[in-house]
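One structure below.
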2 protein chains.
Amino acid sequence: MTVHVTLKDLAKRLKVSPSTVSRALNDHPDISSPTKKRILALAESLDYHPDNVAQSLKNACTKTIGVIIPEIKHDFFASVLDGIEDITHEAGYTILLCKSNESYEREVINTKVLASHRIAGLIVSIAQDTKDSLHFQSLQRRRIPLVFFDRVFEDFPSSKVIVNDEEGAFSAVNYLIKSGYKRIAHIGGPQHLSIAKKRFQGYCRALEENNIPVNMDYVLFGGMYEEDGGVAFDRLHQFKPDAVFAVNDPVAVGAIVKIKAVGLSIPKDVAVVGFSDNAIASIIDPPLTTIAQPAYEMGASAARLLMDEIQQKNSQRKAVVETLKTRLIIRKTT
Amino acid sequence: MTVHVTLKDLAKRLKVSPSTVSRALNDHPDISSPTKKRILALAESLDYHPDNVAQSLKNACTKTIGVIIPEIKHDFFASVLDGIEDITHEAGYTILLCKSNESYEREVINTKVLASHRIAGLIVSIAQDTKDSLHFQSLQRRRIPLVFFDRVFEDFPSSKVIVNDEEGAFSAVNYLIKSGYKRIAHIGGPQHLSIAKKRFQGYCRALEENNIPVNMDYVLFGGMYEEDGGVAFDRLHQFKPDAVFAVNDPVAVGAIVKIKAVGLSIPKDVAVVGFSDNAIASIIDPPLTTIAQPAYEMGASAARLLMDEIQQKNSQRKAVVETLKTRLIIRKTT
DNA sequence: AACGACATCGCAAACGATTGCATAAAAAAT
DNA sequence: ATTTTTTATGCAATCGTTTGCGATGTCGTT
C-alpha cells in the first residue's frame with residue numbers, strides 16, 4: 001500500500017529488473033519493443049512518475065533554479081519573475097523562489113537553503129541591506145551558475161542583466177533641462193546600490209553637459225519607498241526646486257503626494273520624473289513621466305543567460321553583461 | 001577536487017565513519033563531545049552543507065511546497081505569494097513556484113512536475129481554463145496535502161481559503177441601491193469560476209432583497225481582464241445603466257476607460273464598483289470604489305493550513321474551509 | 001575477578017533511479 | 001555444426017544521507 005509508485009514496484013509486478021524498467025521508460029534501444037510496451041502500459045495505468053529527487057541525486061543536478069528577490073509584491077519584480085518563469089519552464093526547469101525582504105541575513109540564509117537544494121543555477125537581485133558578496137562567492141566556488149539582474153555588484157565576476165541606468169537618468173534630466181527647468185533636484189537612493197549610484201551619475205552628467213553645476217542642496221539620498229519620497233521633498237521644499245528627478249517611481253509618487261499636499265501644482269510649479277514605469281505611473285494623477293525598464297525582458301534575459309551557462313557547464317564560462325535599453329516616457333508631470 | 005563537500009569527505013578527513021559524522025551534525029547523544037567538536041569544526045571550515053536532495057530521498061519528504069497560480073504579475077497573486085513565502089519560510093520550507101498562465105494543460109503539467117519533485121504540499125488557485133480536477137485528485141491519492149485559495153473547486157475535499165464573495169458582492173450592490181442607483185449592471189466573469197459565480201449571486205440577492213427584478217439585459221459574462229470590461233460596457237451602453245458592478249478591478253478599470261471615452265462622467269452618469277482593491281483602484285482617476293480582499297492574509301492562511309496538514313500527516317486530516325472577510329472601500333466612483 | 005552497564009562508534013542497508021559491464025539467448029555467419 | 005555477432009536483460013555499484021543494530025572499550029559494582 002505504498003503511496004508512491006516506484007520503478008522497483010513496476011519491476012516486481014512485471015518480473016523484470018529495475019534497470020530494464022528504467023531503460024524502457026527512457027526509450028533505450030537495448031529494450032525490445034514488446035517489453036517496452038508492457039512497461040509503458042503498466043507505468044501509465046499505475047500513474048507512475050519518476051522521482052525527481054532520486055534522479056537529482058544520481059545525476060548530481062536538479063531541474064530547479066533558485067530565484068532570490070527583495071520582494072514579490074512589486075510590479076517590477078513580479079514582471080521579472082514572470083519572464084523568468086516563462087523561459088525556465090520552456091527549458092524544463094522549475095523555480096525555487098525566495099524573498100530576501102531587503103535583508104542581508106535573510107539573503108544569506110536563502111543562498112544556503114538553495115545551495116543545499118542543489119539548484120542548477122541562481123538568479124538574484126540583491127537586497128538593499130546587502131553590502132558584501134561572500135555568500136555568492138561561496139556559491140561560485142561550488143560552480144553554481146549565477147546571474148544578477150537590476151541590483152548587481154559592480155565588480156562581481158558573473159553574468160548580469162541591467163538597464164542603462166546612467167543613460168536613462170541622463171536622458172530624463174537632459175529632457176528636463178531642455179524643457180527649461182532650472183533648479184532640478186534629485187531624490188536618490190542608497191549609494192551602495194549600483195542602480196541608485198548610476199542614476200545619480202546620470203543626473204550629474206546631464207547637469208554638467210549643460211554647464212549647470214551640481215548643487216548638493218538639491219540632492220538627497222534616502223530609501224527606495226514612497227514614504228522616502230515624501231520625507232525627501234519635505235526637506236527639499238525650502239530650496240524651491242522647479243523639478244524633481246526621483247530614483248524610482250514609488251519615491252516619485254511619494255514626492256507627488258507631498259507636493260500636492262503643500263499646495264503646489266504639477267507640473268506648473270514642480271515637475272516630477274520617476275524611474276521604472278511601474279503600473280502606478282500611468283495611473284496616478286497626473287500621470288508620471290518616467291523611464292521605462294523592460295522588466296519582463298530582464299527576467300527573460302536573465303533566465304536565458306542562466307540556461308546557457310547551465311548547459312555548457314564545463315566549457316569555460318564567460319560572464320556576460322547584458323545592458324537593456326531604457327525608454328523615456330513623457331506623461332503629464334513635466 | 002570535488003565541488004560539493006559531502007559527509008563522506010568529512011568522515012575520511014577525520015578517519016571516522018559517515019554515520020558518526022551524520023550523528024555529530026545532528027547532535028546525537030551517542031557521540032562524545034570532543035568528536036562532535038572536531039566534526040563541527042571541520043564542517044564549518046570546509047563550508048559543508050548537507051545535501052537536501054539526499055536527505056529528501058532518505059526521509060521520503062522534501063522541505064519544499066508547490067505553488068501554482070494563474071499569473072504572477074498581478075497584485076493579488078503577488079501579495080498572496082508574499083504571504084505564503086513569509087509563513088513557509090518561517091517553517092523552513094521553500095516554494096516551488098509554477099504559473100499556469102490560465103491554461104488547463106499547463107496546470108496539469110505543473111502538478112506532475114511538482115509531484116515528481118516530491119513537494120510536501122501544494123497551494124493552488126486554479127486557472128480560468130480548468131474545469132475538471134483529475135490532476136488534483138491524483139495528488140490526493142499520493143497523500144500530498146492540498147490547499148486551494150480564491151479560485152477553488154466548490155466540492156473538492158480539501159482545505160480552502162476563500163473570501164466571502166457572495167457577501168462582498170451583496171454589500172457592494174446593496175450600497176449602490178441604497179445610494180439611489182436604479183439600473184445596476186453587472187459585468188461578470190466565467191460562471192464556471194466559483195468566485196465569478198458567487199459574485200453574480202451576491203449581485204442577484206442584493207437586487208432581490210430590494211425588490212428589484214434581475215434584468216438579464218444588464219448582465220454580461222466575459223473574461224477577467226481590462227479589455228473584457230471595455231468590450232462589455234460597449235454592449236451595455238445601449239441600455240443606459242446608471243451603475244456597473246464589475247467582477248474585478250481590471251474589468252472595472254476597462255469599463256471606466258470606456259465610459260470616459262464615450263463622454264460619460266463618473267460617478268454622475270455611471271457609477272462603478274470593482275472587486276479586489278488592486279493597487280490600481282486607489283490610483284485611477286477617479287479612485288475606484290471596490291471590495292477589498294485580504295490578499296496577503298489569504299496567502300498566509302493557506303500556508304498555515306498547509307503547514308498544519310503536513311505536520312500531522314498521519315492523523316486523519318479534515319478539510320477546513322477558511323472564509324475571510326471582504327471590506328467595501330468607498331472611493332469616488334460611486 | 002568477573003560481570004553487567006554505559007558510552008562511543010562502525011557496519012551495512014536503505015531511499016529511487018541510472019548505467020557500465022557481464023551474461024544469456026537467439027540470430028547470423030562460417 | 002561451430003563460431004561470431006546481435007539482441008535483450010540482469011547484476012551491482014553509485015549518488016549523499018540516515019539509522020537500527022552490533023561491536024568495541026571503559027567503568028563501577030559486588
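Sequence lines set the chain letters: A, B, ... in the order given, protein chains first and strands last, and positions in each chain run from 1.
Using modelled atom types, one finds a donor on one side chain and an acceptor on the other under 3.5 Å when comparing E309(B) with S159(B). Between the side chains of T35(B) and S32(B), at least one donor N or O sits under 3.5 Å from an acceptor N or O. For the residue pair R142(B)/H49(A), the side-chain donor-acceptor check at 3.5 Å is satisfied. When only modelled atom types and interatomic distance are considered, D47(A) and S138(B) share a side-chain donor-acceptor pair under 3.5 Å. Looking at S194(B) and E154(B), their side chains never bring a donor and an acceptor atom within 3.5 Å of each other.
Using a 4.0 Å heavy-atom criterion, one finds that V16(A) contacts the sugar-phosphate atoms exclusively. Here V21(B) lies out of heavy-atom contact (under 4.0 Å) with every strand. Within 4.0 Å of L57(B), counting heavy atoms only, lies at least one base atom of the nucleic acid.
The two atoms that bring S17(B) and A11(B) nearest to each other are C-CB, 3.9 Å, heavy atoms only. The minimum heavy-atom distance between I310(A) and A120(A), with the atom names listed, is CG1-O, 3.4 Å.
Taking atom NE2 of H4(A) as the reference point, atom C1' of dA17(C) lies 15 Å away to the nearest angstrom. With rounding to whole Å, H28(B) atom NE2 is found 11 Å from dC9(C) atom C1'. If you take NZ of K63(B) and C1' of dT17(D), they are 16 Å apart, rounded to a whole angstrom. Atom-to-atom, CG of L14(B) to P of dC9(C) comes out at 12 Å; the value is rounded to the nearest Å. If you measure from atom CG of D51(A) to atom P of dG16(C), you get 7 Å, rounded to the nearest angstrom. Between H117(A) atom NE2 and dG16(D) atom P there is a gap of 17 Å when expressed in whole angstrom units. Between K8(A) atom NZ and dG10(D) atom P the separation is 15 Å, expressed in whole Å.
Using cut-offs of 30° and 60° for the angle between ring planes, the H74(A) and F76(A) rings count as perpendicular.
For the pair K15(A) and dG10(D), the criterion of a side-chain N or O lying under 4.0 Å from OP1 or OP2 is not met. A close approach under 4.0 Å does not occur between any side-chain nitrogen or oxygen of R118(A) and OP1 or OP2 of dC15(D). The side chain of T6(B) places no N or O atom within less than 4.0 Å of a non-bridging phosphate oxygen (OP1 or OP2) of dG16(D). An OP1 or OP2 oxygen of dC9(C) is reached within less than 4.0 angstrom by a side-chain nitrogen or oxygen of S32(B).
Looking at K99(B) and D82(A), a side-chain N of the basic residue comes within less than 4.0 Å of a carboxylate O on the acidic one, giving a salt bridge.
Within residues 35-42 of chain A, the residues having any heavy atom under 4.0 Å from DNA chain D are, by residue number, T35(A).
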Expected string for nucleotides 18-26 of chain D under the B/S/- scheme (protein heavy atoms, under 4.0 Å, primed atoms plus P, OP1, OP2 as sugar-phosphate) is BBB------

